[in-house]
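Any value given below was found using the heavy atoms of this structure, including those in side chains, with hydrogens, waters and symmetry copies removed. As the structure is a prediction and not an experimental result, all values here were calculated from the model. Each ligand, and each atom within it, is numbered from 1 in the order the structure gives.
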Amino acid sequence: MFTAGVSGHAGAASAQSSTSLADAYRDFPAARTGLCLDAANRHPMTAATVAALNQYLQWRSEGAGGPDNFYGKPQQLETRTLFARLIGAAPDEIALVNSTTEGENVVAAGLGLHRASGNVVIDELGWGGSRYLYRMLERGGGPSVRVVRHRNWSIAVADMDSAIDRATKLVSLALVSNINGAVHDVRAVADLAHARGAYLYADIIQAAGAIPIDVHEANIDFAACNTSKWLMGDYGFGFLYVRRELQDRILKPTRFGTSQILKRTGDGAELELVPGAARFDTCGSLACGPGVCAHAALQYINRVGVANIQHYVQPLVEQLQKELPTLGYRSLTPRGTESPIVSFEAPDLDKALTRLRKVFGIEPVTTGRWEFTGRSGTGYIVRGIRIAPSVYNTSRDIDRLLNALN
Ligand SMILES: Cc1ncc(COP(=O)(O)O)c(C=O)c1O
């Protein structure tokens with residue numbers, strides 16, 4: 001029987017935010033309803049975010065009365081500013097996009113990769129959709145794709161060093177791996193890329209809101225995420241960071257619509273683009289409801305502080321790293337990894353999932369089926385579970401999971 005946990009979830013969630021992280025679960029209605037250790041898949045919203053969304057829905061249900069947009073330019077700027085603060089960027093380096101994948105496609109298109117030669121370097125702990133993008137460009141005559149393999153479940157800088165050369169156009173990595181939470185030494189890889197004339201794109205969907213990020217300090221050129229995971233918002237709304245010096249000069253805007261127009265006063269004036277990274281915004285209407293969620297959630301995260309969230313979650317991850325191997329689960333995440341994601345190969349995955357469904361009525365973790373290529377070139381598959389606790393979880397939640405799997 002695992003009983004490391006001390007606190008339960010007796011309190012009711014309210015739109016009032018808690019002040020101490022030990023009480024943060026009170027801010028999340030989901031903490032009342034069941035076990036959720038799956039924030040890397042879809043992070044629950046705070047009650048305050050749900051309240052903001054309800055206000056928006058109320059406004060929409062009234063026929064959008066009046067000319068003012070509930071989620072207009074001032075709220076959009078605030079959202080950019082809150083996100084910029086979270087990742088150490090400036091607001092004019094942040095574009096509003098629909099998804100991580102859209103952001104990465106804007107980067108690939110703006111760099112002209114579809115007609116470039118050379119290579120793109122990715123790694124096998126990165127996002128599968130990203131690999132697909134570069135494979136498609138390669139198939140169409142674009143740069144060849146180099147995939148760096150993991151060593152003991154992390155990507156060694158030395159292996160990135162061997163893969164990146166003077167023909168490399170872009171290095172694309174997931175700062176925190178969605179497979180096992182491994183964290184790149186992104187500054188070291190960015191410096192290698194820059195020394196050889198390449199740019200670095202970081203997929204930060206599993207990092208933003210989960211671990212502290214400073215894109216300037218890390219020398220990241222481009223980064224993107226959506227808001228449904230550690231940013232505690234919804235699908236359909238995300239951010240693209242474009243380092244200021246690269247806007248236009250290196251990353252060309254490739255899509256145009258009314259969002260990109262600076263002045264609408266005829267005589268070709270509409271051909272002048274809005275300043276800053278906003279020219280890379282989604283070119284049609286924004287996803288306003290999810291924008292409202294992002295705005296409310298970013299206020300919460302900035303107030304609580306990402307370093308505090310990370311500090312709160314790390315003992316929960318450590319509890320899993322310590323206890324699950326005693327039940328026969330092999331950790332796929334290097335010990336000491338400072339992200340909130342930890343994955344395990346299950347001794348009998350089907351049995352484990354059956355148990356979880358029996359105890360909780362759902363699977364409170366993510367089931368993984370991850371494909372890799374061995375050093376001999378043959379493929380292999382690892383099946384397991386990915387566990388991702390967040391600020392609304394307590395060590396008692398980890399006990400509940402461990403007891404169900406025991
Ligand atoms: C690392 C990573 N990148 C990208 C995505 C997909 O994001 P989007 O739907 O915003 O393109 C995910 C989704 O799980 C992810 O984990």
Side-chain angles (χ1 to χ4, degrees), residues 36-44 79 83 87 94-109 120-136 147-148 150 153-155 170-184 186 189 200-211 213 215 220 222-241 280-282 286-287 289-291 293-294 297-298 332-333 337-343 363 365-372 384-390:
C36 174
L37 287 164
D38 200 13
N41 182 23
R42 190 171 48 234
H43 198 293
T79 313
F83 180 69
I87 64 162
I94 305 299
L96 305 179
V97 294
N98 294 142
S99 69
T100 324
T101 307
E102 186 193 11
E104 189 165 9
N105 269 272
V106 168
V107 171
V120 170
V121 174
I122 60 174
D123 68 77
E124 63 181 0
L125 295 181
W127 174 237
S130 182
R131 179 190 298 217
Y132 180 64
L133 160 62
Y134 299 113
R135 286 262 186 250
M136 288 304 284
V147 186
V148 174
H150 76 84
W153 300 102
S154 65
I155 303 295
L170 184 69
V171 177
S172 168
L173 51 82
L175 177 52
V176 170
S177 166
N178 59 291
I179 294 175
N180 71 341
V183 184
H184 264 282
V186 66
V189 179
L200 184 124
Y201 165 83
D203 174 330
I204 54 172
I205 192 172
Q206 299 291 3
I211 63 167
I213 305 174
V215 285
I220 292 171
F222 316 107
C225 62
N226 82 25
T227 50
S228 65
K229 301 186 192 289
W230 306 95
L231 294 180
M232 307 182 192
D234 201 10
Y235 299 101
F237 193 92
F239 301 102
L240 169 65
Y241 158 77
F280 299 102
D281 279 3
T282 284
L286 271 185
C293 296
L298 280 165
L332 306 177
T333 304
T337 298
E338 293 187 331
S339 80
I341 301 176
V342 58
S343 297
E363 289 163 21
V365 298
T366 304
T367 312
R369 184 186 177 282
W370 302 294
E371 291 180 29
F372 300 98
I385 55 173
R386 182 185 70 182
I387 311 170
S390 187

* Could you state the interatomic distance from CD1 (I122) to OH (Y134), rounded to the nearest 0.5 Å? -> 8.5 Å

* Would D123 and H184 satisfy side chain to side chain contact (heavy atoms under 4.5 Å, CB included), going step by step from the backbone distance to the final call? -> CA-CA 10 Å; D123 68 77; H184 264 282; 2.9 Å; yes

* Under 3.5 Å, is there a donor-acceptor pair between the E104 and S172 side chains? -> yes

* Residues in the immediate environment of ligand 1 (any heavy atom closer than 4.0 angstrom) -> S99, T100, T101, W127, N178, D203, I205, Q206, N226, K229

* Asked: Going by atom types only, do T366 and D38 share a side-chain donor-acceptor pair under 3.5 Å?
  -> yes

* Asked: From T337 OG1 over to N180 CG, what is the distance, rounded to the nearest 0.5 angstrom?
  -> 7.0 Å

* When the ring planes of F239 and F83 are compared, do they come out parallel, tilted or perpendicular, using 30° and 60° as the limits? -> parallel

